[in-house]
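Before any comments, here is the structure.
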There are 2 protein chains.
Amino acid sequence: MELAEAKVKFIETWGKLGSEWGINRTMAQVHALLLVSPEALTTEEIMETLRISRGNANMTLRDLIGWGLIEKQHKAGERKEYFYADKDTWNIARQVAKERRKRELDPVLKVLEELTQVEGDQNDPAYQTFNKSVTDINKLAKNVDKTLDTMFKAEENWFWGSLFKLFK
Amino acid sequence: MELAEAKVKFIETWGKLGSEWGINRTMAQVHALLLVSPEALTTEEIMETLRISRGNANMTLRDLIGWGLIEKQHKAGERKEYFYADKDTWNIARQVAKERRKRELDPVLKVLEELTQVEGDQNDPAYQTFNKSVTDINKLAKNVDKTLDTMFKAEENWFWGSLFKLFK
DNA sequence: TTAAACTTTCAGTATGTTTTGAAAGTTTAA
DNA sequence: TTAAACTTTCAAAACATACTGAAAGTTTAA
């Protein structure tokens with residue numbers, strides 16, 4: 001396979017994965033493009049390569065900056081803004097996990113905590129079932145939350161190394 | 001908060017979480033409803049409670065069965081089919097992880113493996129960057145894959161217990 | 001058999017999300 | 001200043017996904 005063809009395939013795959021995980025396709029594709037670009041790119045270049053509109057490119061780039069996945073770069077003597085992606089995979093994974101926790105897990109944990117407090121008749125099967133399910137899910141969610149915390153603080157090698165020592 | 005109100009809130013929250021994670025809202029809601037129901041429910045009851053159409057209920061129930069999250073139950077002397085959810089949170093988490101790996105991670109791994117094989121000029125920065133990004137992501141994806149494997153085989157207590165011993 | 005009870009399908013509709021492109025806004029150099 | 005270079009916004013259009021409901025299909029009991 002040619003490099004050019006491979007790049008296209010990578011961008012497509014990353015885009016598809018993104019859309020399956022609630023990140024919009026274009027955002028994932030722009031990210032992929034910057035991941036395989038040795039140099040920072042301009043909005044113009046991104047628009048051309050992915051054949052997307054100026055508006056779309058602009059919004060997507062702003063979103064990616066918001067997610068902490070890419071950064072603006074100013075080149076001396078140039079008016080245009082350049083964008084480049086952090087190429088460290090571990091940082092990317094951490095950044096995405098962090099953002100999603102904040103947006104999705106945290107609010108759910110809050111509701112679950114509230115729902116475990118609901119009181120009722122201990123002999124009512126409806127109450128028993130509700131309570132058991134909510135309590136169990138809450139426990140699981142808290143575990144995930146703690147593990148993520150550890151992940152955010154950890155170095156990549158330490159994290160996976162420890163995990164493998166453990167799991168052989 | 002009343003039990004009835006709490007149930008509604010649980011169903012809503014679960015539905016929202018589902019839709020943020022690429023599982024459709026109705027599917028997550030039906031699952032939530034069954035999770036807090038001590039008895040198996042009929043299609044009719046589900047339709048009424050969640051105010052969805054017969055067609056939607058039927059498709060969603062089949063999907064949930066496909067995901068291994070709920071099962072049909074036949075009651076002696078009855079024509080109607082009843083549905084109930086596995087209430088074991090650990091099983092649910094495992095089941096969802098298993099399905100998503102099969103549907104999403106596996107195909108991506110296959111492409112990444114292919115892309116790491118692409119050959120090129122070692123001195124070309126474009127090739128270097130492409131290769132580094134793809135190789136790194138491939139490594140990360142493989143790690144995730146292995147960890148999931150361990151999770152599928154593990155008992156809940158052992159899994160989280162080990163993780164915590166490790167992470168203190 | 002047959003008809004009532006129940007389940008499944010699917011074309012059309014509704015709803016939600018993403019993208020476009022032109023206009024408005026901002027910055028910079030002369 | 002002013003005008004060119006560039007960035008941002010947003011209403012409307014395109015696209016994607018989910019849902020409805022009536023019709024077709026299946027099963028069961030008598």
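Only this structure's heavy atoms are used, side chains among them; waters, hydrogens and symmetry mates stay out. Note that the structure is a prediction, hence the values are computed from the model and not measured. Here is how names work: the chains are called A, B, and so on, in the same order as the sequence lines, proteins then strands, and each is numbered from 1.
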Query raised in the report: Looking just at side-chain N and O atoms, do A:Thr26 and A:Gln29 make a donor-acceptor pair shorter than 3.5 Å?
Result: no
Requested in this report: Would you kindly compare A:Ser53 and A:Gly77 by the position of their nearest DNA chain C nucleotide and give the one closer to the 5′ end?
Outcome: A:Ser53
Query raised in the report: Which whole-number value in Å describes the distance from B:Leu50 CG to D:dC19 P?
Result: 11 Å
Query - Closest contact, heavy atoms only, A:Asp86 versus A:Leu35 - result: O-CD2, 3.6 Å
Query raised in the report: Among the nucleotides C:dT19, D:dT20, D:dC19, which one has an atom lying closest to any side-chain atom of B:Thr26?
Result: D:dC19
Query raised in the report: Nearest-Å distance, CD1 (A:Ile23) to C1' (C:dT18)?
Result: 15 Å
Requested in this report: To the nearest Å, give me how far apart CD (A:Glu20) and P (D:dA16) are.
Outcome: 15 Å
Requested in this report: Find the distance A:Asn56:CG to D:dA14:P and express it as a whole number of Å.
Outcome: 16 Å
Query raised in the report: Base, sugar-phosphate, or nothing for A:Asn24, non-hydrogen atoms under 4.0 angstrom?
Result: sugar-phosphate
Query raised in the report: What is the distance, rounded to the nearest whole Å, between atom CE of A:Met59 and atom C1' of C:dT18?
Result: 9 Å
Requested in this report: Would you kindly confirm whether B:Trp21 and A:Val144 end up in one hydrophobic cluster when ILVMFWY residues are joined by side chain heavy atoms under 4.5 Å apart?
Outcome: no
Query raised in the report: With side chains defined as the heavy atoms from C-beta onward, is the minimum distance between A:His74 and A:Glu78 less than 4.5 Å?
Result: no
Query raised in the report: Going by the angle between their ring planes, with limits at 30° and 60°, are B:Phe130 and A:Phe10 parallel, tilted or perpendicular?
Result: perpendicular
Report task. Name the pairing partner of D:dT26, where a pair is Watson-Crick or G-U wobble with both distances under 3.5 Å, or state none. Result -> C:dA5
Query raised in the report: To the nearest angstrom, how far is B:Ile46 atom CD1 from D:dC19 atom P?
Result: 14 Å
Query raised in the report: Partner of D:dC10 by Watson-Crick or G-U wobble geometry, both contacts under 3.5 Å, or none?
Result: C:dG21
Query raised in the report: Any side-chain heavy atom of A:Tyr84 sitting closer than 4.5 Å to one from A:Leu34?
Result: no
Query raised in the report: Do the side chains of B:Leu109 and B:Val111 join up, straight or via other hydrophobic residues, at under 4.5 Å, putting them in one cluster?
Result: no
Every protein N/O lying under 3.5 Å from an N/O of nucleotides 3-8 of chain C:
| residue | atom | partner | partner atom | Å |
| --- | --- | --- | --- | --- |
| C:dA5 | N3 | B:Arg79 | NH2 | 2.9 |
| C:dT7 | OP1 | B:Glu81 | N | 3.1 |
| C:dT8 | OP2 | B:Asn58 | ND2 | 2.3 |

